[in-house]
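One structure is given below, encoded as structure tokens.
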Amino acid sequence: MEFFNFHTHQSTNQPNILELVNQYPQDFELSIPFYSIGIHPWYIAEDRIDVDLKIIEAQLQTKKCLAIGECGLDKRIEIPLDLQTFVFEKQLALAEKHKKPVVIHCVAAFQEVIAVKKKMKISVPMIIHGFSKNVQVADQLIKEGFYLSFGKYLLRNPELKTVFQQVPNDRFFLETDTMEETIEQVYQLASEYKNIDIKELQDIISSNYKDIFQ
């Protein structure tokens, strides 16, 4: 593995890239080499929660499923936060049971996500994907044991440079999510921001990958 794409919605199936492809319980491709599976807060359907959770649990027991998610909390959607929290907690319980890391979707709800982690005493790694906030939020999340994954906003928002530079090397990943740019482009910018060469960055992320997924 030369490159690890922590979170993407499309499989490019290139031999030098390990991709953690996001999948949904009701609509997943078994042909994808490695994936995460979860109930995204946007797509919670009350009449399907139990069925979805059963599908997720079955997949978590396979070698191809590396993580649960993306799942989490989003205060900018109409689905009630208490329902989102219920579904999020159910998935975190499965993550603990099967010892799988969690890909977190979080919008305007960082304090709530931290509170859930503390309340449930979650011990498996929790990674905030698509991080785009300031140094204070990043510092608090790292202090609470979270990892941060950077991608689209790192490329789009120059103000994120100083945030990324201050994240410890053992606490971050890189991703493409839904954007058209490649993971190689994300690595290139990240290596410039960290003032290291691509090989050193690859070694850092490879080490983080081993810590979390193996």
Side-chain angles (χ1 to χ4, degrees), residues 1-14 16-24 27 32 34-43 66-77 84 88 101-110 112-113 125-142 146-196 198 201-202 204-206 208-209 212-213:
M1 165 181 88
E2 290 178 46
F3 299 94
F4 174 52
N5 190 344
F6 172 75
H7 180 73
T8 179
H9 289 258
Q10 55 194 25
S11 174
T12 62
N13 214 12
Q14 296 175 72
N16 63 332
I17 303 173
L18 195 160
E19 295 168 316
L20 188 59
V21 180
N22 188 83
Q23 300 226 60
Y24 302 111
D27 177 30
I32 288 172
F34 297 105
Y35 57 89
S36 63
I37 186 167
I39 305 171
H40 193 295
W42 294 359
Y43 307 127
L66 299 185
I68 192 163
E70 60 185 291
C71 57
L73 303 175
D74 191 327
K75 281 190 176 174
R76 300 209 176 119
I77 58 174
Q84 291 186 48
F88 183 39
V102 188
V103 182
I104 307 277
H105 169 97
C106 183
V107 176
F110 290 102
E112 288 82 357
V113 167
M126 296 175 74
I127 307 96
I128 306 281
H129 104 82
F131 189 76
S132 65
K133 300 303 168 191
N134 60 31
V135 169
Q136 287 77 18
V137 177
D139 285 348
Q140 186 184 12
L141 287 165
I142 288 162
F146 290 85
Y147 292 75
L148 306 178
S149 182
F150 294 82
K152 178 170 73 176
Y153 299 104
L154 197 66
L155 267 58
R156 305 278 193 271
N157 179 8
E159 291 179 12
L160 211 53
K161 177 180 179 179
T162 52
V163 179
F164 179 66
Q165 286 174 329
Q166 291 187 46
V167 173
N169 285 349
D170 62 351
R171 299 298 281 279
F172 76 85
F173 289 98
L174 299 173
E175 63 176 64
T176 58
D177 197 6
T178 56
M179 67 181 183
E180 290 180 4
E181 288 90 344
T182 64
I183 193 65
E184 290 95 334
Q185 286 171 278
V186 183
Y187 267 69
Q188 184 60 49
L189 184 64
S191 71
E192 290 169 19
Y193 281 179
K194 285 280 187 181
N195 198 25
I196 55 177
I198 291 282
L201 179 61
Q202 288 172 328
I204 287 166
I205 289 177
S206 180
N208 294 346
Y209 171 83
I212 283 191
F213 293 100

Distance from [X] atom [atom1] to [Y] atom [atom2], nearest 0.5 Å?
{"X": "E175", "Y": "T178", "atom1": "CD", "atom2": "OG1", "value": "9.0 Å"}
{"X": "S191", "Y": "Q202", "atom1": "OG", "atom2": "CD", "value": "9.5 Å"}
{"X": "N157", "Y": "K152", "atom1": "CG", "atom2": "NZ", "value": "12.0 Å"}
{"X": "Q185", "Y": "L174", "atom1": "CD", "atom2": "CG", "value": "13.0 Å"}
{"X": "D74", "Y": "F88", "atom1": "CG", "atom2": "CZ", "value": "12.0 Å"}

Can you establish whether the number of heavy atoms outside Y153 located under 6.0 Å from its atom OH is more than 12?
-> no

With a cut-off of 6.0 Å (strictly less than), are more than 12 heavy atoms of other residues, nucleotides or ligands near CG of N16?
-> yes

Determine, stepwise, if the pair F150 / F172 fulfils ring pair (Phe, Tyr, Trp, His ring centres under 6.0 Å).
-> CA-CA 7 Å; F150 294 82; F172 76 85; 7.0 Å; no

Show your reasoning for whether side chain to side chain contact (heavy atoms under 4.5 Å, CB included) applies to V102 and I68.
-> CA-CA 5 Å; V102 188; I68 192 163; 3.7 Å; yes

Among residues at least two apart in sequence or on other chains, which ones pass side-chain hydrogen bond (donor to acceptor under 3.5 Å, both in side chains) with [X]?
{"X": "K161", "answer": "none"}
{"X": "D177", "answer": "H7, H9"}
{"X": "R171", "answer": "none"}
{"X": "E2", "answer": "none"}

Can you confirm whether [X] sits close enough to [Y] that some side-chain heavy atom of one is under 4.5 Å from a side-chain heavy atom of the other?
{"X": "Y209", "Y": "L66", "answer": "yes"}
{"X": "T12", "Y": "N5", "answer": "no"}
{"X": "V103", "Y": "I127", "answer": "no"}

Ignoring hydrogens and geometry beyond distance, is a side-chain donor-acceptor pair present between [X] and [Y] at under 3.5 Å?
{"X": "T8", "Y": "E19", "answer": "no"}
{"X": "T162", "Y": "Q165", "answer": "no"}
{"X": "E184", "Y": "Q188", "answer": "no"}

Main-chain N/O of M179 paired with T176 side-chain donor or acceptor, under 3.5 Å | no

Quick check: does any side chain N or O of N22 sit under 3.5 Å from a backbone N or O of E70, one acting as donor and the other as acceptor?
-> yes

At their closest point, which heavy atom of [X] faces which heavy atom of [Y], and how far apart are they?
{"X": "F164", "Y": "K194", "answer": "O-NZ, 3.3 Å"}
{"X": "S36", "Y": "G69", "answer": "OG-O, 3.1 Å"}
{"X": "L154", "Y": "L160", "answer": "N-CD2, 3.7 Å"}
{"X": "Y147", "Y": "P125", "answer": "CE1-CB, 4.1 Å"}
{"X": "V167", "Y": "L148", "answer": "CG2-CD1, 4.0 Å"}
{"X": "Q84", "Y": "G72", "answer": "OE1-O, 4.1 Å"}

Going by the side-chain hydrogen bond (donor to acceptor under 3.5 Å, both in side chains) test, which pairs reach into residues 132-141, not counting sequence neighbours?
-> Q111-Q140

Qualifying residues under salt bridge (charged side-chain N to carboxylate O under 4.0 Å, His left out), relative to E181, sequence neighbours excluded | R156

Can you check whether F4 and F173 have ring centres sitting under 6.0 Å from each other?
-> yes

Decide side chain to side chain contact (heavy atoms under 4.5 Å, CB included) for F131 and V137; before the verdict, give the C-alpha distance in whole Å, the side-chain angles of both, and the deciding distance to 0.1 Å.
-> CA-CA 10 Å; F131 189 76; V137 177; 4.0 Å; yes

Check the angle between the aromatic planes of F3 and Y187 and answer parallel, tilted or perpendicular using the 30° and 60° thresholds.
-> perpendicular

